[in-house]
Amino acid sequence: MGKYGWIGLVAMAAACGRGGDKATGDERAAVPAAASDAVTGEQLLADIKVLADDSLLGRGPGTLGEERTVAFLEAQFKALGLEPGNPDGSYRQNVPLVGITPDPRAELVVSKGGVSRTLKFKDDVVAWTKHVADSAAIAGSEMVFVGYGVEAPEFEWDDFKGLDVKGKTMVVLVNDPPLTDTTQFGGKAMTYYGRWTYKYEQGQKHGAAAVLIVHETEPAGYPFAVVQGKTGEQFDLVTPDKNLTRSPIEGWITLEQAEALFRLAGQDFGQLKAKAATRDFAPVPLGLSASMTIRNRLRTVDSRNVVAKLIGSDPALKDEYIVYTAHWDHFGVGDPVNGDSIYNGALDNASGTASLLALARGFKALPEPPKRSILFLAVTAEEQGLLGSQYYSVTPLYPLAKTAANINIDGLNLIGRTKDVTVIGMGASALDDYIRDAAQLQGRTIRPDPEPEKGYYYRSDHFNFAKQGVPALYAESGIEVVGQPADYGIKMRQQYVADDYHKPSDDVKANWVLDGAVEDIRLYLTVGYWLAQAGAFPEWRPGNEFKAIRDRQLGR
Ligand SMILES: [Zn+2]
């Protein structure tokens with residue numbers, strides 16, 4: 001997992017028993033017992049132990065640890081009797097990665113007439129190029145303030161108002177426009193328009209030379225120090241165009257520097273920011289020009305997604321897919337902490353990866369395969385920016401228009417059964433109904449993410465499916481642990497985040513309790529089974545930012 005999703009649960013949203021439509025479709029019976037029973041704690045633990053063993057060297061992409069991880073998963077899928085998931089007859093999908101390290105001597109020079117201001121790399125500006133090239137530069141590029149840089153037809157919002165920013169440097173605000181009208185931009189919840197990655201995609205779409213986001217701690221959700229963590233080697237996919245259609249330079253500047261630059265431009269940052277929160281906002285040319293050169297050190301890495309498939313039993317539906325994902329990668333071998341340098345990632349995400357094997361066992365134990373086909377996709381390089389799932393989503397092995405849904409697992413509950421299930425991004429799609437009904441069969445309830453403003457829905461592998469239009473489900477275990485004090489779930493989670501999250505100590509623990517994990521996997525099994533049996537594909541809710549993409553994809 002690439003986030004601290006659980007911390008916010010301290011806020012403790014009330015359990016949510018969303019009313020409304022019973023999930024569509026007619027086949028809402030429990031999964032045949034043979035399938036549920038095939039998911040066992042013993043087997044799950046055994047698989048996690050293999051995946052989190054020191055011999056797998058922390059499962060770093062492009063390392064010997066990857067070779068071993070991929071070999072293990074492939075052997076397991078084969079032994080379970082699943083078909084190779086790649087139509088080329090293999091269980092692998094190659095994912096070409098590049099590691100790009102910018103030279104920290106870069107600086108951003110902004111001038112107006114004879115006056116110029118130099119922003120220091122890391123202190124004042126964190127910038128990079130995703131071009132797979134030795135260097136990228138902007139020279140005398142005209143700077144334009146484009147507000148939030150949002151074009152959202154469903155909210156009748158357009159920050160560009162037809163202005164051509166080709167070759168220019170976009171200065172842009174982070175997060176969604178902060179409107180008091182809660183029917184817009186998801187209210188308190190962050191929409192994809194608020195994510196920093198969206199801002200750079202807007203730069204690419206408009207042919208901008210550079211995109212500089214003004215960092216503000218509150219709307220970003222983290223301090224500038226987190227941005228400064230991006231000054232070392234960053235991984236990306238090697239696209240056929242070597243990312244050359246992206247803006248040559250992408251980055252962040254500090255709020256202080258933005259304020260100073262706006263002053264240099266004879267503008268007031270606060271005033272323009274306030275204007276940007278209105279529909280009438282139009283881009284403001286700043287009369288400043290920006291120059292910067294970034295030199296790169298490049299390293300290519302060949303990594304892999306591992307993929308297996310269970311072919312559906314209905315001739316009319318077997319070309320349609322339910323895709324389960326979990327990232328197999330973690331951080332490999334790195335800086336030692338307390339003498340341990342192997343980042344085993346037992347919870348994050350050996351547990352999710354082992355879940356794919358458990359689900360495969362469950363589906364194989366059905367009296368007959370489900371009607372639609374099931375894909376088990378263990379993706380690489382999640383910890384490097386959701387890259388393996390991104391690669392699959394733009395280079396899918398089966399058409400996305402034939403992909404009914406994605407269900408992603410990133411970290412299991414290892415502290416015991418819970419009365420509830422947290423659905424991240426609840427309200428996005430009809431998948432809510434599926435998981436609500438499946439939870440109900442277990443005597444459990446679903447609850448929403450208590451911190452929707454942090455945009456967690458956009459931070460694990462399911463998001464790449466959503467972004468390409470495929471409804472995607474990401475749930476986390478609940479917090480009300482059966483037979484424990486009310487605050488137990490939160491406390492155990494906080495302990496994990498403080499002690500083990502992204503540290504070498506994320507190991508298999510003697511005190512793990514697996515029955516909650518087993519119950520959660522059975523829940524995902526039920527949801528996937530229903531999806532594989534149901535007549536219609538699940539839909540995005542009206543107003544969701546991915547609905548239009550799906551509608552186009554399905555030719556509507
Ligand atoms: Zn992680």
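The first residue of the sequence shown is numbered 1, and numbering continues consecutively from there. Read the numbers this way: they start at 1 and go in the same order the structure lists the ligands and their atoms.
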Worksheet item: Do the ring planes of Tyr192 and Phe463 sit parallel (below 30°), tilted (30 to 60°) or perpendicular (above 60°)?
Response: tilted
Worksheet item: Out of the N/O/S atoms in Asp348, what is the name of the one closest to the Zn ion (ligand 1)?
Response: OD2
Worksheet item: Hey, which N, O or S atom on His502 ends up closest to the Zn ion (ligand 1)?
Response: NE2
Discussion item. With a 4.0 Å cut-off on N to O distance, would you call Lys309 and Glu83 a salt bridge?
Written reply: no
Discussion item. Whether Asp53 and Arg68 form a salt bridge (side-chain N of Lys/Arg under 4.0 Å from carboxylate O of Asp/Glu) is what I want to check.
Written reply: no
Worksheet item: Backbone or side chain, does Glu383 get an N/O/S atom under 2.8 Å to the Zn ion (ligand 1)?
Response: yes
Worksheet item: Between Leu44 and Ile521, is a side-chain contact (heavy atoms from CB on, under 4.5 Å) present by the stated rule, with each step listed?
Response: CA-CA 10 Å; Leu44 188 64; Ile521 294 171; 3.6 Å; yes
